[in-house]
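Input: a single structure, listed below in structure tokens.
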Number of protein chains: 2
Amino acid sequence: MDTLETRELRYFVAVAEELHFGRAAERLGMAQPPLSRAVQQLERRLGVSLLERDRRGVRLTGAGQVLLHEGRTALDATAAAARRTRRFGSADHPDGPRERLVIGVKAAASHDLLQRLLDAYAAEPDAAEIEVLAGGFNEQEQMLRDGRADVALLIVPFNSLAGFDSEELLTEGRIAVLPARHPLAARKVLSMADISDVPDLPIARWPRHGSYEPGPGPEVRDHTQLAQLIALGRTVAVVPESARTWLWHEHAAVPLSDAPPVSTHIAWPAHSRSLALAGLIRTATRLIADPAPTH
Amino acid sequence: MDTLETRELRYFVAVAEELHFGRAAERLGMAQPPLSRAVQQLERRLGVSLLERDRRGVRLTGAGQVLLHEGRTALDATAAAARRTRRFGSADHPDGPRERLVIGVKAAASHDLLQRLLDAYAAEPDAAEIEVLAGGFNEQEQMLRDGRADVALLIVPFNSLAGFDSEELLTEGRIAVLPARHPLAARKVLSMADISDVPDLPIARWPRHGSYEPGPGPEVRDHTQLAQLIALGRTVAVVPESARTWLWHEHAAVPLSDAPPVSTHIAWPAHSRSLALAGLIRTATRLIADPAPTH
DNA sequence: TTCTGTGATACCCGCCAGGTATCAGCCCGG
DNA sequence: CCGGGCTGATACCTGGCGGGTATCACAGAA
């Protein structure tokens with residue numbers, strides 16, 4: 001039974017994502033013919049048709065969809081193996097194995113929760129060094145899966161906890177953030193229906209799996225972009241209450257009557273055996289048991 | 001950033017498991033020198049020392065331990081990708097995508113639970129075909145991780161549920177199974193201490209991660225072997241109560257006063273999106289809500 | 001000492017991943 | 001109805017590297 005090479009998986013995933021051999025080849029930094037050939041060989045070795053080559057374009061078969069999904073997680077796992085090994089190795093030189101943790105967070109979100117967590121953990125004896133890796137929307141899950149982070153603050157339901165161990169830290173309601181000058185900003189409370197179909201305020205779109213779905217709203221990647229677009233009167237956003245910390249003067253926040261709550265979890269790869277990580281988790285769970293400091 | 005090839009991972013994992021280049025090369029079906037070279041290249045590319053080559057043998061560095069662990073899961077993930085794609089593809093030919101599920105179980109364990117589950121599921125409309133894949137001790141977890149099975153009955157604490165979604169189906173106590181002629185077989189109840197240090201009945205050992213740890217007891221791989229060894233008066237075993245179904249005349253079962261209970265879970269890979277799987281899970285959870293048929 | 005067993009080195013060869021040039025079908029616009 | 005411009009597939013060549021054999025360097029045991 002021959003095993004898949006990561007090269008083959010990389011190639012297939014690129015083609016499956018682009019649905020175009022030429023663009024995929026360009027993204028991979030190679031010519032198109034060897035890419036075509038490699039994918040054909042892959043199909044022959046698996047004994048399965050992965051792509052339907054129609055004139056003008058390519059579609060995924062069912063098996064292709066399966067391989068796209070499974071292949072992504074396999075590639076993530078190998079990338080994680082490389083990254084975690086490198087990280088451990090380069091921190092290895094002092095024989096007191098001073099561990100170093102990377103925590104993935106969403107820039108500007110859960111800011112004071114993170115602050116309290118880091119403060120509390122730093123006070124622990126034997127606290128490891130912690131590096132904060134801030135990413136854009138929904139990037140934390142990916143950071144955890146491909147090994148860029150050892151642990152992350154994930155916000156559900158925007159991220160999936162599937163495959164991770166996790167602890168819930170915080171649940172909060174949501175508010176609508178509108179341009180202060182917009183008529184709706186005067187309302188005391190809004191419903192999702194109120195803001196979902198306002199012609200001059202199309203809901204912003206953020207990347208899912210690295211690419212944007214088509215739609216009317218502007219494309220955003222982080223809170224700064226979003227904040228600016230709201231301030232300019234171009235869009236409206238539904239965000240957790242704790243986001244009030246980064247509101248501008250040009251923004252208005254209105255409570256939402258019917259938005260489902262969001263919760264922040266601390267999550268880490270299943271079977272992790274790092275002592276430093278265990279300490280951080282312990283600190284985090286203790287944090288939610290203690291009364292939160294008022295501010 | 002160059003990515004690890006699965007070939008390199010396979011090589012390193014083999015060496016790390018054997019701790020011997022020659023044997024690892026033999027296991028891989030190749031000569032020793034290219035294997036040495038490949039591992040050296042891997043170390044250079046990662047910029048990390050993975051192995052300490054001492055005369056007579058090889059030891060893992062810290063980074064090597066990390067890579068062994070992470071590399072195994074990465075290899076499992078790629079194997080799973082190949083298997084699941086093949087499976088889907090070969091079942092794809094009839095355009096009514098008749099799905100097929102593989103359920104991993106421990107041979108002879110949880111037998112009537114499995115029977116009830118399969119019966120109940122078969123009665124469902126649109127039930128998919130189910131293949132039962134019986135394995136040895138603790139092999140079910142591995143079957144799930146490398147894609148041989150879509151779903152499995154896992155017995156905790158012998159298997160880990162980490163990284164899977166799961167539902168608990170059954171919790172039961174444990175009994176000691178002894179040779180009927182042994183003096184201890186006459187007792188009405190036993191404690192773990194009673195059987196843990198009987199010189200003429202050393203506890204049998206079963207594989208962890210594919211290899212046996214050293215110890216006095218005989219090595220067993222499945223229930224048949226175990227049953228025979230008990231019947232021969234060579235060993236004693238601690239098993240779930242439901243194992244009474246496979247006892248022989250030469251066996252005696254004695255309740256244990258202080259053995260921690262074991263529970264059987266139905267588990268499946270996180271993010272699984274198979275409809276047939278969802279149906280099976282639904283059936284299983286309904287099964288534990290309904291009163292179990294007396295027998 | 002010499003023998004044995006370890007992993008590393010030296011050197012060679014054949015395969016295959018990747019390149020370039022080109023083809024083959026289809027959908028345009030004219 | 002025809003040619004240009006897309007698409008992905010094919011043909012063919014070349015270089016690098018993965019793998020083989022032979023050998024070395026070294027340490028421990030008899």
Side-chain angles (χ1 to χ4, degrees), chain A residues 1-61 63-65 67-68 71 75 78 82, chain B residues 1-61 63-65 67-68 71 75 78 82:
Chain A
M1 170 77 70
D2 42 6
T3 171
L4 295 186
E5 286 301 318
T6 73
R7 182 177 46 81
E8 305 179 276
L9 280 179
R10 262 198 349 264
Y11 290 1
F12 172 74
V13 168
V15 174
E17 284 178 352
E18 299 283 348
L19 292 178
H20 191 289
F21 278 81
R23 281 195 298 275
E26 187 183 7
R27 198 174 103 184
L28 292 165
M30 64 187 293
Q32 169 257 321
L35 179 58
S36 285
R37 203 184 35 179
V39 174
Q40 288 175 61
Q41 282 179 359
L42 177 62
E43 287 181 296
R44 239 180 306 122
R45 286 182 41 201
L46 287 173
V48 162
S49 165
L50 300 171
L51 300 168
E52 281 175 23
R53 285 86 155 165
D54 191 78
R55 306 291 143 213
R56 121 153 83 285
V58 172
R59 279 187 311 277
L60 284 172
T61 66
Q65 292 174 33
L67 186 59
L68 175 57
L75 287 177
T78 60
Chain B
M1 169 78 68
D2 43 7
T3 172
L4 296 186
E5 286 301 317
T6 73
R7 181 177 47 80
E8 305 179 276
L9 280 179
R10 256 192 1 256
Y11 290 1
F12 172 75
V13 168
V15 173
E17 283 178 353
E18 299 284 347
L19 291 177
H20 190 290
F21 279 80
R23 282 195 298 275
E26 188 183 8
R27 196 174 105 184
L28 292 166
M30 65 187 293
Q32 169 257 323
L35 179 57
S36 286
R37 204 183 36 175
V39 173
Q40 289 175 62
Q41 282 180 0
L42 177 60
E43 287 180 296
R44 243 180 303 124
R45 284 182 41 199
L46 288 174
V48 162
S49 164
L50 301 170
L51 300 168
E52 281 175 24
R53 284 87 157 166
D54 191 79
R55 313 281 148 217
R56 119 151 87 284
V58 172
R59 281 186 311 278
L60 284 174
T61 65
Q65 293 174 33
L67 187 58
L68 174 57
L75 287 177
T78 62

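Predicted model, so just to flag it, every value in this text is computed and none were measured. In the text below, chain A, chain B and the rest are named by the order of the sequence lines, each starting its count at 1.
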Phosphate OP1/OP2 of D:dA9 contacted by A:R53 side-chain N/O (<4.0 Å):
yes
Expressed as a whole number of angstroms, how long is the span from A:E18:CD to D:dT7:C1'?
15 Å
Indicate whether OP1 or OP2 belonging to C:dG7 is found under 4.0 Å from a side-chain N or O atom of B:S36.
no
Run the side-chain contact (heavy atoms from CB on, under 4.5 Å) test against B:A38 and tell me which residues pass, sequence neighbours left out.
B:Y11
Would you jot down, in residue-number order, the residues of residues 22-33 of chain B having a non-hydrogen atom under 4.0 Å from DNA chain C?
B:G22, B:Q32, B:P33
Identify the pairs formed between an N or O of the protein and an N or O of nucleotides 14-18 of chain D at a distance under 3.5 Å, and give each distance.
residue : atom : partner : partner atom : Å
D:dG18  : OP2  : B:Q41   : OE1          : 3.4

To the nearest Å, how far apart are A:Q40 CD and C:dC16 C1'?
15 Å
Taking C:dG7, D:dA9, C:dT9 as options, the one with an atom nearest any side-chain atom of A:F21 is D:dA9
If I take atom CD in residue A:E8 and atom P in nucleotide C:dC16, what distance separates them, rounded to the nearest angstrom?
12 Å
Taking side-chain contact (heavy atoms from CB on, under 4.5 Å) as the definition, give me every residue that meets it alongside B:T6, ordered by chain and number, with sequence neighbours left out.
A:T3, A:E5, A:T6, B:R10, B:L75, B:T78
Hey, does B:L51 have a side-chain heavy atom less than 4.5 Å from the side chain of B:L60?
yes
Expressed in angstrom and rounded to an integer, what is the separation of A:R59 atom CZ from D:dT7 atom P?
16 Å
Contacts of A:E26 that satisfy salt bridge (Lys or Arg N to Asp or Glu O under 4.0 Å) - sequence neighbours left out:
none
What residues, two or more places apart in sequence or in another chain, satisfy salt bridge (Lys or Arg N to Asp or Glu O under 4.0 Å) together with A:R7?
none
Just how far, in rounded Å, is C1' of C:dA8 from CD of B:E43?
13 Å
The salt bridge (Lys or Arg N to Asp or Glu O under 4.0 Å) partners of B:R45 (sequence neighbours excluded) come to B:D2, B:E8
Residues at least two apart in sequence or cross-chain that pass side-chain hydrogen bond (donor to acceptor under 3.5 Å, both in side chains) with B:Q65, listed by chain then number, are none
Interatomic distance, A:L35 CG vs D:dT7 P [rounded to whole Å]
14 Å
State which residues pass side-chain contact (heavy atoms from CB on, under 4.5 Å) with A:A24; sequence neighbours excluded, sorted by chain then number.
A:A14, A:V15, A:E18, A:L35
B:H20 side chain near C:dG7 phosphate (N/O to OP1/OP2, under 4.0 Å):
yes
Are B:R27 and B:H20 side-chain neighbours, meaning at least one heavy-atom pair lies under 4.5 Å?
no
